[in-house]
Amino acid sequence: MRVTACTGWVLHRRPWRESSLLVELFTTEHGRIGAVARGARSARSAWRGLAEPFQPLELGWVRRGELATLNALEPVGQRLTLAGRSLWCGLYVNELLMRLLPRDDPAPLLYDHYQVTLTALTSSQDQAAVMRRFEWHLLTELGVMPQLDREAESAQPLVPDQLYRLDPEAGPRSCDKPAAGTFPGRIFLMADQAKATDPVERRQLRDLMRLLIEHQLDGTTLQTPKLFRSWK
Amino acid sequence: MSSDPLSELLTALRCLPGVGARSSQRMALHLLERDREGGRRLAEALARAMSEIRRCRQCRNFTAEELCHVCASTRRDRSRLCVVESPADVLAIEQATAYDGLYFVLLGRLSPLDGIGPDDLGLDLLSRRLDQESFEEMVIATNTTVEGEATAQYLVEMAGRRGIRVSRLAQGVPLGGELEHTDRSTLAHAFSARQVVSG
(Lines give C-alpha, C1' and ligand atoms only; values in the text may rest on other atoms or scores of the structure.)
Protein backbone atom coordinates (compact mmCIF):
# COMPACT_ATOMS: atom_id res chain seq x y z
CA MET A 1 0.00 0.00 0.00
CA ARG A 2 1.30 3.42 -0.98
CA VAL A 3 0.14 6.58 0.79
CA THR A 4 1.02 10.12 -0.24
CA ALA A 5 0.47 13.54 1.32
CA CYS A 6 -1.11 12.41 4.57
CA THR A 7 -0.83 14.85 7.45
CA GLY A 8 0.15 13.61 10.88
CA TRP A 9 2.15 13.98 14.07
CA VAL A 10 4.93 11.98 15.66
CA LEU A 11 3.78 10.55 18.99
CA HIS A 12 7.06 8.90 19.88
CA ARG A 13 10.25 7.72 18.23
CA ARG A 14 13.07 5.40 19.13
CA PRO A 15 16.52 4.98 17.59
CA TRP A 16 16.59 1.94 15.35
CA ARG A 17 19.70 0.35 13.92
CA GLU A 18 22.60 2.63 13.11
CA SER A 19 20.94 5.78 11.83
CA SER A 20 17.22 5.14 11.55
CA LEU A 21 14.19 5.85 13.70
CA LEU A 22 11.15 3.80 14.60
CA VAL A 23 8.33 6.30 14.77
CA GLU A 24 4.78 6.07 16.03
CA LEU A 25 2.60 8.39 14.00
CA PHE A 26 -0.89 9.71 14.49
CA THR A 27 -2.31 10.50 11.07
CA THR A 28 -5.53 11.99 9.73
CA GLU A 29 -6.73 9.13 7.58
CA HIS A 30 -4.93 6.09 8.94
CA GLY A 31 -4.98 6.66 12.69
CA ARG A 32 -1.96 5.49 14.62
CA ILE A 33 0.68 3.67 12.61
CA GLY A 34 4.21 2.43 13.21
CA ALA A 35 6.83 3.37 10.64
CA VAL A 36 10.54 3.30 9.93
CA ALA A 37 12.29 6.55 9.01
CA ARG A 38 15.42 5.24 7.25
CA GLY A 39 18.55 7.24 7.91
CA ALA A 40 16.67 9.96 9.80
CA ARG A 41 19.40 10.17 12.44
CA SER A 42 22.36 10.45 10.11
CA ALA A 43 24.16 13.79 9.96
CA ARG A 44 23.30 14.43 6.33
CA SER A 45 19.66 13.42 6.43
CA ALA A 46 17.14 16.05 5.35
CA TRP A 47 14.81 14.51 7.95
CA ARG A 48 17.19 15.09 10.82
CA GLY A 49 15.43 16.78 13.72
CA LEU A 50 12.08 16.76 11.92
CA ALA A 51 10.60 13.53 13.23
CA GLU A 52 9.89 15.15 16.58
CA PRO A 53 6.66 15.28 18.54
CA PHE A 54 4.58 18.47 18.22
CA GLN A 55 5.81 19.18 14.70
CA PRO A 56 2.97 19.05 12.13
CA LEU A 57 4.10 16.91 9.18
CA GLU A 58 3.06 15.82 5.73
CA LEU A 59 3.94 12.18 5.27
CA GLY A 60 4.17 9.55 2.61
CA TRP A 61 4.91 5.86 3.01
CA VAL A 62 4.80 2.42 1.49
CA ARG A 63 3.71 -0.51 3.52
CA ARG A 64 3.77 -4.26 3.16
CA GLY A 65 3.92 -5.74 6.64
CA GLU A 66 3.23 -4.34 10.06
CA LEU A 67 5.55 -1.36 9.74
CA ALA A 68 5.37 1.32 7.08
CA THR A 69 8.51 2.73 5.48
CA LEU A 70 8.42 6.50 5.23
CA ASN A 71 9.39 8.00 1.88
CA ALA A 72 8.23 11.57 2.49
CA LEU A 73 8.42 13.69 5.60
CA GLU A 74 7.92 17.44 5.30
CA PRO A 75 7.15 19.98 7.98
CA VAL A 76 3.91 21.86 7.45
CA GLY A 77 4.18 24.95 9.60
CA GLN A 78 5.96 25.55 12.86
CA ARG A 79 6.77 23.08 15.56
CA LEU A 80 4.45 23.98 18.44
CA THR A 81 6.17 25.77 21.26
CA LEU A 82 5.20 23.85 24.35
CA ALA A 83 7.14 25.29 27.24
CA GLY A 84 7.45 24.21 30.84
CA ARG A 85 4.55 22.21 32.18
CA SER A 86 2.67 22.41 28.89
CA LEU A 87 5.42 20.27 27.38
CA TRP A 88 4.81 17.61 30.01
CA CYS A 89 1.07 17.79 29.31
CA GLY A 90 1.85 17.23 25.62
CA LEU A 91 3.93 14.17 26.50
CA TYR A 92 1.06 12.90 28.65
CA VAL A 93 -1.40 13.23 25.76
CA ASN A 94 1.03 11.35 23.51
CA GLU A 95 1.42 8.61 26.08
CA LEU A 96 -2.37 8.26 26.36
CA LEU A 97 -2.61 7.76 22.59
CA MET A 98 0.32 5.33 22.55
CA ARG A 99 -1.26 3.26 25.28
CA LEU A 100 -4.95 3.41 24.45
CA LEU A 101 -5.38 3.99 20.73
CA PRO A 102 -4.82 0.76 18.79
CA ARG A 103 -2.74 0.92 15.62
CA ASP A 104 -4.42 1.04 12.21
CA ASP A 105 -7.74 2.30 13.51
CA PRO A 106 -8.62 5.59 11.80
CA ALA A 107 -9.90 8.13 14.32
CA PRO A 108 -10.45 11.42 12.46
CA LEU A 109 -12.52 13.05 15.22
CA LEU A 110 -9.92 12.19 17.84
CA TYR A 111 -7.25 13.53 15.49
CA ASP A 112 -9.06 16.88 15.44
CA HIS A 113 -9.34 16.88 19.24
CA TYR A 114 -5.62 16.11 19.46
CA GLN A 115 -4.75 19.15 17.35
CA VAL A 116 -7.14 21.37 19.32
CA THR A 117 -5.57 20.10 22.56
CA LEU A 118 -1.99 20.77 21.46
CA THR A 119 -2.89 24.21 20.21
CA ALA A 120 -4.68 24.99 23.48
CA LEU A 121 -1.56 23.92 25.40
CA THR A 122 0.54 26.53 23.60
CA SER A 123 -1.63 29.31 24.98
CA SER A 124 -3.86 28.12 27.80
CA GLN A 125 -3.01 28.79 31.41
CA ASP A 126 -5.49 26.18 32.53
CA GLN A 127 -3.67 23.03 31.42
CA ALA A 128 -5.70 20.81 33.75
CA ALA A 129 -8.98 21.72 32.02
CA VAL A 130 -7.39 21.06 28.61
CA MET A 131 -6.22 17.63 29.84
CA ARG A 132 -9.64 16.71 31.27
CA ARG A 133 -11.35 17.61 27.98
CA PHE A 134 -8.88 15.50 25.98
CA GLU A 135 -9.32 12.54 28.33
CA TRP A 136 -13.09 12.77 27.90
CA HIS A 137 -12.86 12.93 24.09
CA LEU A 138 -10.36 10.06 24.00
CA LEU A 139 -12.52 7.69 26.04
CA THR A 140 -15.61 8.74 24.10
CA GLU A 141 -14.00 8.22 20.69
CA LEU A 142 -12.62 4.86 21.80
CA GLY A 143 -16.20 3.93 22.68
CA VAL A 144 -15.41 3.02 26.28
CA MET A 145 -16.97 6.01 28.04
CA PRO A 146 -19.98 4.96 30.13
CA GLN A 147 -22.95 7.31 30.30
CA LEU A 148 -22.16 9.62 33.19
CA ASP A 149 -25.34 11.69 33.55
CA ARG A 150 -27.65 8.84 34.60
CA GLU A 151 -27.57 6.30 37.38
CA ALA A 152 -26.47 2.98 35.90
CA GLU A 153 -29.29 0.79 37.20
CA SER A 154 -32.33 3.06 37.36
CA ALA A 155 -31.33 5.31 34.43
CA GLN A 156 -32.51 8.24 36.56
CA PRO A 157 -30.74 11.60 36.01
CA LEU A 158 -28.00 12.20 38.60
CA VAL A 159 -28.73 14.44 41.59
CA PRO A 160 -25.82 16.94 41.83
CA ASP A 161 -25.40 16.71 45.62
CA GLN A 162 -25.94 13.00 45.98
CA LEU A 163 -23.03 10.57 46.22
CA TYR A 164 -22.35 7.96 43.52
CA ARG A 165 -19.74 5.27 43.08
CA LEU A 166 -18.03 5.02 39.71
CA ASP A 167 -18.42 1.71 37.95
CA PRO A 168 -15.95 2.17 35.05
CA GLU A 169 -18.01 -0.11 32.81
CA ALA A 170 -21.56 0.90 33.65
CA GLY A 171 -21.26 4.44 35.02
CA PRO A 172 -22.34 6.02 38.31
CA ARG A 173 -24.13 3.82 40.84
CA SER A 174 -26.02 5.04 43.89
CA CYS A 175 -24.23 4.63 47.21
CA ASP A 176 -24.60 6.04 50.72
CA LYS A 177 -21.10 6.25 52.19
CA PRO A 178 -18.12 8.21 50.86
CA ALA A 179 -15.28 5.84 49.91
CA ALA A 180 -12.54 5.57 47.31
CA GLY A 181 -14.09 5.95 43.88
CA THR A 182 -17.20 7.83 45.05
CA PHE A 183 -17.99 11.34 43.84
CA PRO A 184 -20.89 13.80 44.12
CA GLY A 185 -23.27 13.72 41.15
CA ARG A 186 -22.15 17.18 39.99
CA ILE A 187 -18.60 15.87 39.28
CA PHE A 188 -20.00 13.26 36.87
CA LEU A 189 -22.21 15.92 35.30
CA MET A 190 -19.33 18.31 34.62
CA ALA A 191 -17.02 15.66 33.10
CA ASP A 192 -17.87 16.40 29.46
CA GLN A 193 -17.17 20.12 29.74
CA ALA A 194 -14.40 20.02 32.38
CA LYS A 195 -15.77 23.26 33.77
CA ALA A 196 -14.72 22.74 37.38
CA THR A 197 -13.36 25.91 38.98
CA ASP A 198 -13.34 25.00 42.66
CA PRO A 199 -9.99 23.35 43.58
CA VAL A 200 -11.68 20.43 45.37
CA GLU A 201 -13.97 19.77 42.42
CA ARG A 202 -11.03 20.00 40.01
CA ARG A 203 -9.21 17.35 42.01
CA GLN A 204 -12.27 15.12 42.13
CA LEU A 205 -12.78 15.47 38.40
CA ARG A 206 -9.12 14.56 37.83
CA ASP A 207 -9.51 11.47 40.04
CA LEU A 208 -12.71 10.43 38.29
CA MET A 209 -11.03 10.62 34.87
CA ARG A 210 -7.96 8.84 36.21
CA LEU A 211 -10.09 5.91 37.40
CA LEU A 212 -11.78 5.68 34.02
CA ILE A 213 -8.43 5.71 32.22
CA GLU A 214 -6.72 3.28 34.59
CA HIS A 215 -9.56 0.84 34.01
CA GLN A 216 -8.52 0.74 30.33
CA LEU A 217 -4.85 0.17 31.14
CA ASP A 218 -5.15 -3.35 32.58
CA GLY A 219 -3.25 -2.64 35.76
CA THR A 220 -0.26 -0.88 34.20
CA THR A 221 0.54 2.72 35.13
CA LEU A 222 1.05 5.76 32.96
CA GLN A 223 4.64 6.95 33.23
CA THR A 224 4.25 10.67 32.49
CA PRO A 225 1.92 11.55 35.40
CA LYS A 226 3.99 9.33 37.70
CA LEU A 227 7.11 11.30 36.81
CA PHE A 228 5.27 14.58 37.01
CA ARG A 229 4.07 13.79 40.53
CA SER A 230 7.56 12.78 41.65
CA TRP A 231 9.10 16.22 41.13
CA LYS A 232 6.78 18.20 43.37
CA MET B 1 32.22 -28.42 22.34
CA SER B 2 34.26 -25.23 22.26
CA SER B 3 33.24 -22.71 19.64
CA ASP B 4 35.59 -21.67 16.89
CA PRO B 5 37.69 -18.60 17.93
CA LEU B 6 37.32 -16.95 14.55
CA SER B 7 33.54 -17.05 14.51
CA GLU B 8 33.54 -15.90 18.13
CA LEU B 9 35.67 -12.89 17.16
CA LEU B 10 33.36 -12.11 14.23
CA THR B 11 30.33 -12.14 16.50
CA ALA B 12 32.10 -10.09 19.17
CA LEU B 13 33.13 -7.35 16.72
CA ARG B 14 29.53 -6.84 15.70
CA CYS B 15 28.78 -5.18 19.04
CA LEU B 16 30.49 -2.07 17.64
CA PRO B 17 28.24 0.59 16.08
CA GLY B 18 28.15 0.38 12.29
CA VAL B 19 29.79 -3.05 12.17
CA GLY B 20 27.85 -5.74 10.40
CA ALA B 21 28.82 -9.13 9.03
CA ARG B 22 31.08 -7.82 6.28
CA SER B 23 32.98 -5.21 8.29
CA SER B 24 33.55 -7.61 11.17
CA GLN B 25 35.04 -10.10 8.73
CA ARG B 26 37.29 -7.43 7.20
CA MET B 27 38.48 -6.28 10.65
CA ALA B 28 39.13 -9.77 11.95
CA LEU B 29 41.03 -10.87 8.84
CA HIS B 30 43.07 -7.67 8.83
CA LEU B 31 44.20 -8.25 12.41
CA LEU B 32 44.95 -11.93 11.81
CA GLU B 33 46.76 -11.50 8.51
CA ARG B 34 48.58 -8.19 8.88
CA ASP B 35 48.58 -6.83 12.39
CA ARG B 36 48.67 -9.41 15.15
CA GLU B 37 50.57 -6.97 17.39
CA GLY B 38 47.85 -4.32 16.91
CA GLY B 39 45.26 -6.95 17.69
CA ARG B 40 46.99 -7.86 20.97
CA ARG B 41 47.25 -4.19 21.94
CA LEU B 42 43.57 -3.71 21.14
CA ALA B 43 42.62 -6.72 23.27
CA GLU B 44 44.66 -5.48 26.21
CA ALA B 45 43.40 -1.90 25.94
CA LEU B 46 39.83 -3.14 25.74
CA ALA B 47 40.21 -5.47 28.72
CA ARG B 48 41.84 -2.74 30.78
CA ALA B 49 39.28 -0.08 29.86
CA MET B 50 36.37 -2.39 30.56
CA SER B 51 37.66 -3.30 34.00
CA GLU B 52 39.08 0.06 35.12
CA ILE B 53 36.82 2.75 33.70
CA ARG B 54 33.87 3.62 35.85
CA ARG B 55 31.75 6.65 36.57
CA CYS B 56 33.05 9.71 38.39
CA ARG B 57 31.56 9.83 41.87
CA GLN B 58 30.57 13.48 41.40
CA CYS B 59 29.65 14.03 37.76
CA ARG B 60 29.02 10.49 36.42
CA ASN B 61 31.44 11.02 33.52
CA PHE B 62 33.75 8.12 32.63
CA THR B 63 37.04 7.95 34.51
CA ALA B 64 39.55 5.42 35.80
CA GLU B 65 39.88 7.32 39.09
CA GLU B 66 37.49 8.02 41.90
CA LEU B 67 37.02 11.54 40.50
CA CYS B 68 37.39 12.58 36.85
CA HIS B 69 40.06 15.13 35.94
CA VAL B 70 37.54 17.98 35.77
CA CYS B 71 36.05 17.31 39.20
CA ALA B 72 39.51 16.74 40.71
CA SER B 73 40.99 19.92 39.24
CA THR B 74 41.64 22.87 41.56
CA ARG B 75 41.48 25.32 38.66
CA ARG B 76 37.81 24.90 37.82
CA ASP B 77 35.13 27.41 38.80
CA ARG B 78 33.09 25.54 41.41
CA SER B 79 30.18 27.98 41.34
CA ARG B 80 28.96 26.83 37.92
CA LEU B 81 27.58 23.48 36.89
CA CYS B 82 26.83 22.46 33.32
CA VAL B 83 24.36 19.59 32.88
CA VAL B 84 24.75 17.50 29.72
CA GLU B 85 23.26 14.27 28.39
CA SER B 86 26.40 12.35 27.47
CA PRO B 87 30.19 12.18 27.92
CA ALA B 88 30.52 13.17 24.26
CA ASP B 89 28.82 16.49 25.12
CA VAL B 90 31.45 17.17 27.81
CA LEU B 91 34.21 16.61 25.23
CA ALA B 92 32.48 18.87 22.71
CA ILE B 93 32.08 21.72 25.22
CA GLU B 94 35.64 21.31 26.53
CA GLN B 95 37.05 21.46 23.02
CA ALA B 96 34.88 24.28 21.69
CA THR B 97 34.40 26.67 24.58
CA ALA B 98 36.28 28.40 27.37
CA TYR B 99 33.86 27.05 29.99
CA ASP B 100 35.80 26.36 33.16
CA GLY B 101 33.05 25.24 35.55
CA LEU B 102 32.02 21.71 36.54
CA TYR B 103 29.81 19.19 34.78
CA PHE B 104 27.07 16.74 35.52
CA VAL B 105 26.51 13.94 33.00
CA LEU B 106 23.00 12.49 32.94
CA LEU B 107 23.89 9.57 30.63
CA GLY B 108 20.46 9.89 29.05
CA ARG B 109 17.35 12.04 29.16
CA LEU B 110 13.99 11.84 30.84
CA SER B 111 11.65 9.84 28.66
CA PRO B 112 8.53 8.65 30.41
CA LEU B 113 7.38 6.67 27.37
CA ASP B 114 10.61 4.66 27.49
CA GLY B 115 10.35 4.31 31.26
CA ILE B 116 13.43 6.48 31.90
CA GLY B 117 12.90 8.46 35.09
CA PRO B 118 14.92 10.76 37.40
CA ASP B 119 16.69 7.91 39.21
CA ASP B 120 18.07 6.49 35.96
CA LEU B 121 19.76 9.83 35.30
CA GLY B 122 21.31 10.19 38.74
CA LEU B 123 19.08 13.15 39.55
CA ASP B 124 19.07 12.07 43.21
CA LEU B 125 22.86 12.53 43.19
CA LEU B 126 22.45 15.87 41.41
CA SER B 127 19.97 17.15 43.97
CA ARG B 128 22.35 16.17 46.81
CA ARG B 129 25.12 18.11 45.08
CA LEU B 130 22.88 21.15 44.63
CA ASP B 131 22.15 21.06 48.37
CA GLN B 132 25.70 20.48 49.54
CA GLU B 133 27.80 22.59 47.17
CA SER B 134 27.38 26.30 46.60
CA PHE B 135 26.49 26.66 42.93
CA GLU B 136 25.46 30.06 41.64
CA GLU B 137 24.56 29.01 38.13
CA MET B 138 23.32 25.87 36.41
CA VAL B 139 23.96 25.80 32.66
CA ILE B 140 21.52 23.42 30.99
CA ALA B 141 23.04 21.91 27.84
CA THR B 142 20.62 19.07 27.12
CA ASN B 143 19.73 18.32 23.50
CA THR B 144 17.01 20.28 21.73
CA THR B 145 14.83 17.21 21.27
CA VAL B 146 11.47 17.02 23.01
CA GLU B 147 12.95 14.78 25.72
CA GLY B 148 15.93 17.11 26.10
CA GLU B 149 13.52 20.01 26.63
CA ALA B 150 11.43 18.02 29.10
CA THR B 151 14.60 17.16 31.01
CA ALA B 152 15.63 20.83 30.96
CA GLN B 153 12.26 21.77 32.43
CA TYR B 154 12.76 19.27 35.24
CA LEU B 155 16.21 20.72 35.94
CA VAL B 156 14.83 24.28 35.91
CA GLU B 157 12.41 23.33 38.68
CA MET B 158 15.15 21.55 40.66
CA ALA B 159 17.49 24.55 40.55
CA GLY B 160 14.72 27.12 40.90
CA ARG B 161 13.56 25.62 44.19
CA ARG B 162 17.08 26.16 45.54
CA GLY B 163 17.44 29.73 44.26
CA ILE B 164 20.16 28.80 41.76
CA ARG B 165 20.32 30.87 38.56
CA VAL B 166 19.58 28.76 35.49
CA SER B 167 20.76 29.37 31.94
CA ARG B 168 20.14 27.40 28.77
CA LEU B 169 22.32 27.23 25.67
CA ALA B 170 21.12 29.62 22.95
CA GLN B 171 19.64 28.12 19.78
CA GLY B 172 20.05 29.80 16.44
CA VAL B 173 21.57 30.14 13.00
CA PRO B 174 24.83 28.16 12.71
CA LEU B 175 28.02 30.17 12.16
CA GLY B 176 28.84 30.43 8.47
CA GLY B 177 25.33 29.21 7.70
CA GLU B 178 23.04 30.79 5.17
CA LEU B 179 19.55 31.74 6.28
CA GLU B 180 18.03 30.24 3.17
CA HIS B 181 19.39 26.81 4.06
CA THR B 182 18.77 26.94 7.79
CA ASP B 183 15.96 24.62 8.80
CA ARG B 184 12.68 26.41 9.46
CA SER B 185 12.33 25.57 13.15
CA THR B 186 15.83 26.77 13.96
CA LEU B 187 15.29 29.94 11.97
CA ALA B 188 11.98 30.62 13.72
CA HIS B 189 13.68 30.08 17.07
CA ALA B 190 16.60 32.31 16.18
CA PHE B 191 14.21 35.01 15.01
CA SER B 192 12.11 35.01 18.17
CA ALA B 193 15.23 34.98 20.37
CA ARG B 194 17.01 37.74 18.40
CA GLN B 195 19.29 40.06 20.32
CA VAL B 196 19.26 43.85 20.41
CA VAL B 197 22.63 45.10 19.13
CA SER B 198 21.98 48.84 19.22
CA GLY B 199 19.48 51.39 20.48
Side-chain angles (χ1 to χ4, degrees), chain A residues 9-15 17-19 21-24 40-42 45-57 74-99 118 220-232, chain B residues 14-20 22-23 85-86 88 108-121 123-124 126-127 130 140 142-162 166 168 171 174 181-193:
Chain A
W9 301 81
V10 170
L11 294 177
H12 190 52
R13 69 263 176 278
R14 274 200 312 267
R17 295 215 175 142
E18 199 50 25
S19 62
L21 284 174
L22 270 183
V23 282
E24 285 292 327
R41 278 158 57 231
S42 73
S45 172
W47 293 354
R48 198 177 155 84
L50 279 179
E52 282 280 299
F54 317 128
Q55 164 71 59
L57 295 166
E74 287 271 330
V76 276
Q78 289 288 316
R79 195 199 303 186
L80 299 180
T81 320
L82 298 182
R85 300 205 158 191
S86 288
L87 177 59
W88 282 87
C89 292
L91 291 175
Y92 169 64
V93 168
N94 282 2
E95 184 176 11
L96 282 179
L97 288 173
M98 290 279 294
R99 299 288 295 279
L118 292 188
T220 57
T221 42
L222 289 165
Q223 296 299 317
T224 317
K226 193 172 130 198
L227 215 159
F228 198 80
R229 283 195 294 273
S230 78
W231 78 10
K232 292 196 182 130
Chain B
R14 292 180 64 172
C15 73
L16 289 165
V19 177
R22 284 184 65 130
S23 329
E85 288 186 17
S86 78
R109 62 206 72 74
L110 289 178
S111 182
L113 274 171
D114 300 311
I116 301 173
D119 293 346
D120 302 303
L121 305 182
L123 291 181
D124 43 346
L126 178 61
S127 73
L130 294 182
I140 300 178
T142 52
N143 292 335
T144 57
T145 57
V146 163
E147 287 81 4
E149 293 295 332
T151 310
Q153 181 56 30
Y154 195 97
L155 295 167
V156 167
E157 304 228 358
M158 266 176 95
R161 268 200 305 268
R162 295 167 170 90
V166 183
R168 180 101 171 86
Q171 294 161 29
H181 296 121
T182 303
D183 77 88
R184 297 291 180 262
S185 306
T186 307
L187 187 54
H189 205 99
F191 204 90
S192 64

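Order of the sequence lines sets the chain letters (A, B, ...), proteins ahead of strands, with each chain counted from 1. Remember, predicted model here, so these are calculated numbers, not experimental data.
Checked by atom type and distance alone, the side chain of Glu18(A) pairs as donor or acceptor with a backbone atom of Gly18(B) at under 3.5 Å. Distance alone, capped at 3.5 Å, is enough to place a donor-acceptor pair between the Glu52(A) side chain and the Val146(B) backbone.
Annotation: side chain of Pro112(B) is in contact with side chain of Trp88(A) (closest heavy-atom distance under 4.5 Å). With a 4.5 Å cut-off on side-chain heavy atoms, Thr145(B) and Arg13(A) count as touching.
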**Q.** Verdict with reasoning, Ser111(B) to Gln223(A), per side chain to side chain contact (heavy atoms under 4.5 Å, CB included)
**A.** CA-CA 9 Å; Ser111(B) 182; Gln223(A) 296 299 317; over 6 Å; no
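Taken to the nearest 0.5 Å, the CG atom of Leu82(A) stands 11.5 Å off from the CD atom of Gln153(B). Between atom CG of residue Leu91(A) and atom CD of residue Glu147(B) there is a gap of 7.0 Å, rounded to the nearest 0.5 Å.
For Arg14(A), the part lying under 4.5 angstrom from a heavy atom of chain B is the side chain only. Looking at Gln78(A), the atoms closer than 4.5 Å to chain B (heavy atoms on both sides) all sit in the side chain, from C-beta outward. Neither the backbone nor the side chain of Pro75(A) has a heavy atom closer than 4.5 Å to any heavy atom of chain B. Only the backbone of Ile116(B) comes within less than 4.5 Å of a heavy atom in chain A; its side chain stays farther off. Within the 4.5 angstrom heavy-atom criterion, only backbone atoms of Leu11(A) (N, CA, C, O) approach chain B. For Phe54(A), the part lying under 4.5 angstrom from a heavy atom of chain B is the side chain only.
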